[in-house]
Amino acid sequence: MARWAIAIHGGAGVDPNLPEHRQEEAKRVLARCLQLGVDLLRAGTPALDVVEAVVRELESDPCFNSGRGSALSRSGSVEMEASIMDGRGRRCGAVSGVSTVKNPVSLARRVMEKSPHSYLAFDGAEEFAREQGLEVVDNSYFITEENVGMLKLAKEANSILFDYRIPLTGADTCSALAAASEKNHGAGNGMVMNGLPISIYAPETVGCAVVDSTGACAAATSTGGLMNKMNGRIGDSPLIGSGTYACKACAVSCTGEGEAIIRSTLARDVAAVMEYKGLPLQEAVDYCVNERLDEGFAGLIAVSGTGEVAYGFNCTGMFRGCATEDGFMEVGIWE
């Protein structure tokens, strides 16, 4: 029998000035979701079922940027995306542009198991969800009062907003965004995404990676995307090999600057260096985070088929938690 292990995340690139009560709130949500996964694994639940259940729980809590509480697009609506992958046979499913499906990760699984495709988006994904009888809600369900206010500030600053959960007001907005950019990335002139200047990105994606007691690996990732993003923008979270990957060797879920993660096929690279270079899990994670992101900023969680857990990030903090069958359990934000 293999050893089970689980890792979860709620986003990388945490503002170092995040108020203490926000940190504690995030840790409580992470601890609750991690415990859910641990309980399921102890009961012998397959890895694929565990990652779906844990990400559903994260999607249902407005603490992070997925499901309810998702970041708002430029038009003020929510466009969510998610993916799931089963390491057994590398089956996968993904969705983008979802605006009414209560739990996008479950729709991604239905795409994998009940459709002839791997990826559905926008109207096609919504139509398939209804055909499958998944729970749908009005788009307003996902929109929080706080996010409406932060979208307004992002528009006033002409910015894609980084940590839209830090209240900013009036003239402080632009200077605060510039200061956040400098703190997190060491440059006062902001960031560049695909060659275009922006103030900063919003990486509070959620994800889960699991290996069960049979040695089967699975991963799932879900997000609302970027605050004040262009309508129709698709990030790394639904892209298999970029934001999510699972195979016999490992399972990986990524978070951070989506465009950089896409360019580096970050999740698949972790598996690749394990398979082709023979690196153990943590060394593979460290190599990919430190060597494969070029000028991008991101983090990831991973588990191996032999029951190891690992994480890495090259920015300021990552909301994360992990547990293993031998009793190790941790929830953290900073190094």
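Counting from 1, the numbers follow the sequence of the chain as shown.
Between the Asp49 side chain and the Thr45 main chain, no donor and acceptor come within less than 3.5 Å of each other. In terms of modelled atom types and a separation under 3.5 Å, the side chain of Asn65 and the main chain of Gly225 share a donor-acceptor contact. Listed for the Asn147 side chain is a donor-acceptor partner under 3.5 Å among the backbone atoms of Gly69. Looking only at distances, no side-chain donor or acceptor of Asp86 sits under 3.5 Å from a matching main-chain atom of Arg90. Using a distance-only test at 3.5 Å, with no hydrogens or angles considered, no donor-acceptor pair links the side chain of Arg268 to the main chain of Gly243. A donor-acceptor contact shorter than 3.5 Å links the side chain of Arg320 to the backbone of Ile333. Proximity of a side-chain donor or acceptor of Ser83 to a complementary backbone N or O of Ser237 within less than 3.5 Å is detected. A donor-acceptor distance shorter than 3.5 angstrom exists from the side chain of Lys229 to the backbone of Gly224, with no hydrogens or angles considered. Using modelled atom types, one side-chain atom of Glu325 and one backbone atom of Trp4 make a donor-acceptor pair closer than 3.5 Å. Of the possible donor and acceptor atoms, one in the side chain of Glu81 sits under 3.5 Å from a partner among the backbone N and O of Gly235.
Side-chain contact between Phe128 and Leu107 is present, with heavy atoms from C-beta onward closer than 4.5 Å. Residues His9 and Ser253 form a side-chain contact, since some pair of their non-hydrogen atoms from C-beta on lies under 4.5 Å apart. Two residues are said to be in side-chain contact when any heavy atoms from C-beta on lie closer than 4.5 Å; Met274 and Cys250 meet this criterion. Put simply, the side chain of Tyr311 does not reach to within 4.5 Å of the side chain of Gln282, judged on heavy atoms. The closest side-chain heavy-atom distance from Gln35 to Asp39 is below 4.5 Å. The shortest distance between side-chain heavy atoms of Val50 and Asp212 does not fall below 4.5 Å. Using a 4.5 Å cut-off on side-chain heavy atoms (C-beta onward), Val78 and Ser99 make no contact. Side chains of Thr255 and Leu300 form no contact here, defined as non-hydrogen atoms less than 4.5 Å apart.
In this structure, a donor-acceptor pair under 3.5 Å is present between the side chains of Glu52 and Ser106. Judged purely by distance below 3.5 Å, without hydrogens or angles, the side chains of Glu59 and Ser222 pair a donor atom with an acceptor atom. Judged purely by distance below 3.5 Å, without hydrogens or angles, the side chains of Thr223 and Thr205 pair a donor atom with an acceptor atom. Between Thr100 and Glu126, the side chains place a donor N or O and an acceptor N or O closer than 3.5 Å (distance only, hydrogens not considered). Side-chain contact annotation: Asn103 with Glu135, donor-acceptor N/O pair under 3.5 Å absent. With no hydrogens or angles considered, no side-chain donor-acceptor pair links Asn139 and Ser77 at under 3.5 Å. In this structure, a donor-acceptor pair under 3.5 Å is present between the side chains of Thr221 and Thr244.
Classification of Asp15 and Arg22 as a salt-bridged pair fails, no side-chain N sitting under 4.0 Å from a carboxylate O. A salt bridge links Arg3 and Asp326; the closest N-O separation between the charged side-chain nitrogens and carboxylate oxygens is under 4.0 Å. Between Glu146 and Lys152, none of the side-chain N atoms (NZ, or NE/NH1/NH2) sits under 4.0 Å from a carboxylate O, so this pair counts as no salt bridge.
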Determine whether Leu30 and Phe64 satisfy the following criterion, side chain to side chain contact (heavy atoms under 4.5 Å, CB included), listing intermediate values before the conclusion.
CA-CA 10 Å; Leu30 289 169; Phe64 296 115; 4.0 Å; yes

Under the criterion side chain to side chain contact (heavy atoms under 4.5 Å, CB included), I'd like the reasoning laid out for Tyr119 against Leu239: C-alpha separation, chi angles, the key distance, then a yes or no.
CA-CA 9 Å; Tyr119 196 161; Leu239 301 184; 3.6 Å; yes

Worked verdict on Lys102 versus Val136 for side chain to side chain contact (heavy atoms under 4.5 Å, CB included)
CA-CA 5 Å; Lys102 190 172 183 181; Val136 296; over 6 Å; no

Is there a side chain to side chain contact (heavy atoms under 4.5 Å, CB included) between Asn228 and Ser73? Walk through the geometry before answering.
CA-CA 5 Å; Asn228 200 28; Ser73 68; over 6 Å; no

Checking salt bridge (Lys or Arg N to Asp or Glu O under 4.0 Å) for the pair Arg233/Glu259: CA distance, chi angles, key distance, verdict?
CA-CA 10 Å; Arg233 181 262 185 184; Glu259 279 66 13; 2.9 Å; yes

Salt bridge (Lys or Arg N to Asp or Glu O under 4.0 Å) between Glu113 and Arg109: does it pass, once the steps are laid out?
CA-CA 6 Å; Glu113 295 181 336; Arg109 183 169 181 178; 3.1 Å; yes

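The NZ atom of Lys248 sits 14.5 Å away from the OG1 atom of Thr306 when rounded to the nearest 0.5 Å. Atom CG of Asp269 is separated from atom CD of Glu291 by 11.5 Å, given to the nearest 0.5 angstrom. Here the CG-CE distance, from Leu34 to Met329, works out to 5.0 Å after rounding to the nearest 0.5 Å. Note that CZ of Arg68 and CZ of Phe142 are 10.0 Å apart. Values are rounded to the nearest 0.5 Å. The OG1 atom of Thr265 lies 6.0 Å from the CZ atom of Arg292; values are rounded to the nearest 0.5 Å. Summarising the geometry, atom CZ belonging to Arg74 is positioned 11.5 Å from atom CD belonging to Glu79; distances are rounded to the nearest 0.5 Å.
Residues Cys315 and Ala298 approach most closely at SG-O, 4.0 Å, considering heavy atoms. Taking each heavy atom of Ala129 and Val101 in turn, the nearest pair found is CB-CG2, 3.5 Å. Residues Ala7 and Ile301 come closest through the heavy atom pair O-CD1, 3.2 Å. Here the closest non-hydrogen pair linking Pro238 and Ala94 is O-CB, 3.1 Å. The shortest non-hydrogen separation linking Glu330 to Phe328 is CB-CZ, 3.7 Å. Minimum heavy-atom separation, Cys254 to Ser242: SG-O, 3.4 Å.
Within a 6.0 Å radius of CD in Glu145, other residues, nucleotides and ligands contribute 12 heavy atoms or fewer. Within a 6.0 Å sphere centred on CG of Asp123, other residues, nucleotides and ligands contribute 12 heavy atoms or fewer. Crowding of Arg56 atom CZ: a count of heavy atoms from other residues, nucleotides or ligands under 6.0 Å not exceeding 12.
A cation-pi arrangement is absent between Lys27 and Phe319, since the terminal nitrogen or guanidinium carbon is not both under 6.0 Å from the aromatic centre and inside a 45° cone about the axis.
Leu281 and Val211 are assigned to two separate hydrophobic clusters, defined by single-linkage of ILVMFWY side chains at heavy-atom distances under 4.5 Å. Ile234 is not connected to Ile261 by any chain of hydrophobic side-chain contacts under 4.5 Å among Ile, Leu, Val, Met, Phe, Trp and Tyr, and they are in different clusters. No chain of hydrophobic side-chain contacts below 4.5 Å, direct or via other Ile, Leu, Val, Met, Phe, Trp or Tyr residues, connects Val38 to Val303. Val285 and Leu293 end up in the same hydrophobic cluster when Ile, Leu, Val, Met, Phe, Trp and Tyr side chains are linked at under 4.5 Å. Cluster membership check: Val14 shares its hydrophobic cluster with Val29, using side-chain heavy-atom separations under 4.5 Å among Ile, Leu, Val, Met, Phe, Trp and Tyr.
Using a 4.5 Å cut-off between side-chain heavy atoms of Ile, Leu, Val, Met, Phe, Trp and Tyr, Tyr245 falls into a hydrophobic cluster with Met85, Ile240.
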